[in-house]
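Heads up: the structure comes next, in structure tokens.
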Amino acid sequence: MSEEKKSLNFIEQIIEEDLKTGLNPEKLRFRFPPEPNGYLHIGHAASICLNFGLGEEYNAPVNLRFDDTNPAKEEQEYVDAIKKDIQWLGFEWDQELYSSDYFQQLYNWAILLIKKGKAYVDDQTSAQIAEQKGTPTKDGEDSPYRNRSVEENLELFEKMKKGDFDEGSHVLRAKISMKATNMLMRDPIIYRVLKRSHHRTGSDWNIYPMYDWTHGESDYIEQVSHSICTLEFKHHRELYDWFLDQVYDENKLRPKQREFARRNLSYTVMSKRKLLQLVEEGIVNGWDDPRMPTISGLRRRGYTPKAIRDFSETAGIAKRDNVTDIALLEFHIKNELNKTAPRVMAVLNPVKLVITNYPEGKEEILIAENNPEDENAGTREMPFSRELYIEREDFREQANKKFFRLKLDKEVRLKSAYIIKANSVIKDENGEITEIHCTYDEDSRSGSGSEASKRRVKGTIHWVSIPHAIPAEVRLYDRLFTDEAPDSHKDKDFKEFINPDSLKIIDNAFVEPSLKPAKIGDQFQFQRLGYFNVDDDSTSDKLVFNRTVPLRDSWAKQNK
RNA sequence: UGACCCAUGGUGUAACGGUAGCACUCCGGUUUUUGGUAUCGUCAGUCAAGGUUCGAAUCCUUGUGGGUCAACCA
């Protein structure tokens with residue numbers, strides 16, 4: 001058995017190196033740390049797959065930690081949605097934790113910082129502080145409050161905590177250097193006054209710790225070995241390490257922050273702020289709109305956990321900015337559904353077809369294969385009759401040889417049924433075809449084994465029997481944006497690239513009767529059309545389908 | 001006029017000083033009762049210039065291009 005050597009991504013290489021230089025494998029621990037201020041998206045999925053994937057690979061625990069230090073933005077609704085999404089993706093966290101669990105510890109450590117002379121209370125306004133901060137190319141200057149005595153700092157910080165000060169009036173800052181080239185090191189704020197109710201700690205606190213002060217210390221408390229975040233936090237690493245230095249005990253594990261490039265997808269945006277905007281402005285119908293790149297949107301659209309995990313695996317991780325082609329995601333869902341989705345027939349743009357030599361009132365049951373890719377999928381019964389619906393695009397009065405579908409005086413096979421020949425059409429006063437009249441070859445029934453059934457005709461089209469057809473609503477989705485990277489244009493707002501045709505609702509589609517009992521979430525291949533699932537809006541009275549992704553269509557391509 | 005990070009086909013990634021590989025996309029052939037699937041194949045890449053070396057995508061230098069950093073957000 002030759003074990004193929006799997007190449008390691010750079011994070012795995014770092015871990016291997018750490019293991020080689022003495023890190024006990026049992027000390028390996030990871031975490032996924034979302035802020036509960038929005039829904040998870042496919043970019044988060046990359047991070048989830050990375051962290052939980054490492055957990056599986058190294059048999060190490062992975063904590064789910066909600067980074068909830070800003071009560072102004074965070075809500076329980078988001079906590080619940082995030083947990084649901086991670087579980088749906090098929091991952092299990094070791095402990096469910098909250099940064100807010102550590103508020104007391106963080107406060108105690110802040111006191112320690114003050115006592116060591118490494119933190120001070122600043123009474124200035126945020127504008128003054130910003131002014132003194134300088135710019136990346138100009139040094140900052142010290143706050144007039146920078147050298148307060150420890151006693152005074154302790155007293156003022158206590159007052160901040162008690163609620164004696166108004167929001168914005170006082171902050172606690174780390175005393176590092178106002179001349180650092182890294183702006184984050186210019187005496188960063190570590191506590192601010194916020195008289196807000198927190199979704200977990202209620203009104204216990206009048207001060208809340210900032211991200212930088214919280215994150216590394218939380219990793220340390222949990223003894224996370226590798227704290228993996230995205231590239232925009234690269235500059236924070238220096239601060240992360242500085243804060244760690246203040247509390248680090250050599251007998252404990254020292255967490256290591258490393259950064260990777262976040263996953264961007266073409267034709268969409270991937271920032272919570274922008275996604276929130278789409279939701280709030282009603283451009284989409286909520287976080288789980290099937291056009292959204294959120295996990296919940298993809299789920300509703302018909303994406304599966306496996307497709308998303310396979311996508312993350314294939315896309316990999318690295319440190320360079322990227323815009324991954326959405327086609328890769330689509331490849332993975334098609335690849336999976338091709339093997340698992342039952343084939344059915346649905347007509348989205350119906351035109352009536354009458355088989356003139358088929359006895360009026362006659363019905364018969366035909367047998368159709370459920371999935372040619374899965375021999376265990378079995379067969380189903382399909383009622384057939386004299387009047388059918390076929391796709392309007394599948395018929396032309398005249399067409400060249402490249403058109404394999406139905407045309408006058410030519411034959412085509414009705415999938416799983418008979419070979420028919422078109423003879424004439426009936427049109428309305430506008431010239432629109434209202435009926436196609438044809439004749440069928442009675443001996444050509446699919447699977448009958450007859451000579452005629454083995455005849456080869458160029459085209460095969462799908463159909464539904466009119467008396468048995470079930471009306472349905474079908475929602476066709478296209479990309480939400482017309483630009484590959486809508487938020488990459490400096491001079492233009494991403495909303496200028498919204499695709500006005502991203503949703504097309506067809507309310508007069510017909511599906512085969514076997515779909516009658518279909519349940520929300522069920523997935524099918526509508527033959528020759530694409531993969532569809534039953535939408536959350538669907539009821540037994542009115543079936544609603546979403547098109548997850550169309551089938552590859554080399555005919556459409558040819559006609560471009 | 002700063003610091004830090006990044007640079008491999010159209011896209012995403014691999015190669016860790018020793019044959020530039022994989023996947024997606026695109027294009028073409030074969031098969032097919034889905035113009036799907038499968039299968040075979042084509043096109044296509046190391047940002048540039050120097051240097052080190054028997055040998056450089058890989059190490060060094062310089063340049064170029066892109067990104068990040070000046071929220072009491074995370």
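If you're wondering where the values come from, they're calculated on a predicted model, not measured in any experiment. Every chain is numbered from 1 and lettered A, B, ... according to where its sequence line falls, protein lines coming before strand lines.
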For the CZ atom on A:Arg200, are there more than 12 heavy atoms of other groups (residues, nucleotides or ligands in this structure) within a distance under 6.0 Å? yes

Does B:A70 have OP1 or OP2 sitting under 4.0 Å from an N or O in the side chain of A:Lys179? no

Between B:C5 and A:Arg237, is there an OP1 or OP2 to side-chain N/O distance shorter than 4.0 Å? no

When all nucleic acid strands are considered with a 4.0 Å heavy-atom cut-off, which category describes A:Tyr191: base, sugar-phosphate, or nothing? nothing

Counting only side-chain heavy atoms from C-beta out, which of B:A14, B:G67, B:C73 sits nearest to A:Lys73? B:C73

Rounded at 0.5 Å granularity, tell me how far CZ in A:Phe233 sits from CZ in A:Arg262. 10.5 Å

Looking at A:Glu16, I want to see if its CD is surrounded by more than 12 non-hydrogen atoms of other residues, nucleotides or ligands under 6.0 Å. yes

Of the candidates B:C16, B:A70, B:A3, the side chain of A:Gln13 sits closest to B:C16

Verify the neighbour count for atom NZ of A:Lys161: are there more than 12 heavy atoms of other residues, nucleotides or ligands below 6.0 Å? yes

Rounded to the nearest 0.5 Å, what's the gap from OG1 on A:Thr548 to CZ on A:Phe532? Could you check? 8.0 Å

Distance check, C1' atoms only: B:A56 and B:A15, in whole angstrom units. 13 Å

Output the single nucleotide from B:C4, B:A70, B:G12 whose closest atom is nearest the side chain of A:Lys133. B:A70

Counting only N and O atoms by type, is there a donor-acceptor contact under 3.5 Å from the side chain of A:Lys458 to the main-chain atoms of A:Glu411? no

Between A:Asp123 and A:Thr181, which has a closest nucleotide on RNA chain B that is more 5'? A:Thr181

More than 12 heavy atoms of other residues, nucleotides or ligands under 6.0 Å from NZ of A:Lys410: yes or no? no

For the residue pair A:Tyr303 and A:Phe311, is the inter-centroid distance of their aromatic rings smaller than 6.0 Å? no

If only side-chain N and O atoms of A:Lys234 are considered, is one of them under 4.0 Å from the OP1 or OP2 phosphate oxygen of B:C5? no

A:Lys274 atom NZ, neighbour heavy-atom count above 12 within 6.0 Å: yes

Reading RNA chain B 5' to 3', how would its secondary structure be written in dot-bracket notation, given Watson-Crick and G-U pairs with both distances under 3.5 Å, brackets [ ] for crossing pairs and | for partners on other strands? .((((((..((((....[..))))..((((.......)))).....(((((..]....))))))))))).....

Are A:Tyr211 and A:His215 close enough that their ring centres sit under 6.0 Å apart? yes

If you look at every strand shown and take non-hydrogen atoms under 4.0 Å, does A:Glu393 touch a base, only sugar-phosphate, or nothing? nothing

Under-4.0 Å side-chain N/O to phosphate OP1/OP2 contact, A:Thr69 with B:A74: yes

If I pick the P atom on B:G41 and the same atom on B:C22, what distance separates them, to the nearest angstrom? 11 Å

Taking all non-hydrogen atoms of both residues, which atom of A:Ser143 and which atom of A:Gln132 are closest, and how far apart? CA-OE1, 3.6 Å

Which ones in residues 260-271 of chain A lie close to RNA chain B, meaning a heavy atom under 4.0 Å from one of its atoms? A:Arg263

So, is A:Asn182 close to the B:C4 phosphate, meaning a side-chain N or O under 4.0 Å from OP1 or OP2? no

Does the plane of the ring in A:Trp287 sit parallel, tilted or perpendicular to the ring in A:Tyr39? Use 30° and 60° as the thresholds. parallel

Using the P atom as the reference point in each nucleotide, state the distance between B:C47 and B:C6 in Å, no decimals. 14 Å

Rounded to the nearest 0.5 Å, how far does NE2 of A:His235 lie from CE of A:Met183? 11.0 Å

Does A:His236 contact B:A74 through a side-chain donor or acceptor facing the base, at a distance under 3.5 Å? yes

Encode nucleotides 33-39 of chain B as B, S and - characters from 5' to 3', where the letter depends on protein heavy atoms closer than 4.0 Å: B to the base, S only to sugar-phosphate, - to neither. BBBBB--

5' precedence on RNA chain B between A:Glu74 and A:Ala315 (nearest-nucleotide basis): A:Ala315

So what does A:Thr324 touch, heavy atoms closer than 4.0 Å: a base, only the sugar-phosphate, or nothing? sugar-phosphate

Atom CE of A:Met185 and atom P of B:G2 are separated, to the nearest Å, by 21 Å

Taking B:A70, B:A74, B:C69 as options, the one with an atom nearest any side-chain atom of A:Thr135 is B:A70

